[in-house]
Amino acid sequence: MSGLWLLMAFLSMLAGMGWLALSLPAHWKQVRPQRSEPASGQLRLLGWTGVLVSALACLAADHPSMAILVWLMLLALTAVLVALLLSTRPHWLQPLARCVSGQPPVT
């Protein structure tokens, strides 16, 4: 059961870091070049919510001292993953952008 909590922690942290990155105009333009301005407030709210859900999932998976360690490692891992995605395949973050913009992906 703790494996599912850790998977949920990873996915919510990855989505949260993606939304936080997309709240910056430069990263938004990499993912959605046709859209001029990101909805920064909504993206930041979604991003911090994802980070918080990840922390709660880590706490549900393990005791607090281990949960904090796992959460911090997830924070670093997902930050690197999002940075790599933005530098190599920014279009993979389009599903996160559509959560706010409601537009179909740019092809």
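Quick note: numbers below take in every heavy atom, side chains included, and nothing from hydrogens, waters or symmetry partners. In this chain, numbering begins with 1 at the start of the sequence shown.
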Verify side chain to side chain contact (heavy atoms under 4.5 Å, CB included) between V51 and M13, making sure each step is shown before the conclusion.
CA-CA 5 Å; V51 170; M13 180 71 83; 3.9 Å; yes
Flag yes if W48 and V100 sit in one hydrophobic cluster, no otherwise; membership is Ile, Leu, Val, Met, Phe, Trp, Tyr, and two members link when side-chain heavy atoms are under 4.5 Å apart.
yes
Is any side-chain heavy atom of W92 less than 4.5 Å from a side-chain heavy atom of V31?
no
Over all heavy atoms of both residues, which pair between T88 and L84 is shortest? Give the atoms and the distance, please.
OG1-O, 2.7 Å
Taking every non-hydrogen atom, the tightest pair across V70 and C58:
CG1-SG, 4.0 Å
Any chain of hydrophobic side-chain contacts (each under 4.5 Å) joining V80 to M73?
no
Could you walk me through whether L43 and L20 pass the side chain to side chain contact (heavy atoms under 4.5 Å, CB included) test, one step at a time?
CA-CA 6 Å; L43 287 166; L20 287 172; over 6 Å; no
Could you verify whether a donor N or O on one side chain and an acceptor N or O on the other, from H27 and Q30, lie under 3.5 Å apart?
yes
Which atom of S40 lies closest to which atom of S23, heavy atoms considered:
OG-O, 3.1 Å
Would you say L7 ends up clustered with L69 if hydrophobic residues are merged whenever their side chains have heavy atoms under 4.5 Å apart, either directly or through other cluster members?
yes
Distance in Å, H63 NE2 paired with I68 CD1, rounded so as to fall on 0.5 Å steps
10.5 Å
What is the distance from atom CG of L85 to atom CE of M17, rounded to the nearest 0.5 Å?
12.0 Å
Atom pair CG (L77) and CG (L72), whose distance is rounded to the nearest 0.5 Å
12.5 Å
Distance from L14 atom CG to L74 atom CG, nearest 0.5 Å?
10.0 Å
Expected output: side-chain W19 to main-chain G50 donor-acceptor under 3.5 Å:
no
Short question: side chain of S54, backbone of A9 - any donor-acceptor pair under 3.5 Å?
yes
Would L11 and L96 show up in the same hydrophobic cluster when neighbours are defined by side-chain heavy atoms closer than 4.5 Å?
yes
Do the side chains of F10 and M66 join up, straight or via other hydrophobic residues, at under 4.5 Å, putting them in one cluster?
yes
From L52 atom CG to W71 atom CH2, the distance as rounded to the nearest 0.5 Å:
9.0 Å
Could you walk me through whether R32 and L22 pass the side chain to side chain contact (heavy atoms under 4.5 Å, CB included) test, one step at a time?
CA-CA 10 Å; R32 302 298 295 248; L22 289 175; over 6 Å; no
Does L59 form a side chain to side chain contact (heavy atoms under 4.5 Å, CB included) with W5? I'd like the steps, not just the answer.
CA-CA 9 Å; L59 283 169; W5 283 114; over 6 Å; no
Could you give the distance from CG (L93) to CH2 (W28), rounded to the nearest 0.5 Å?
11.0 Å
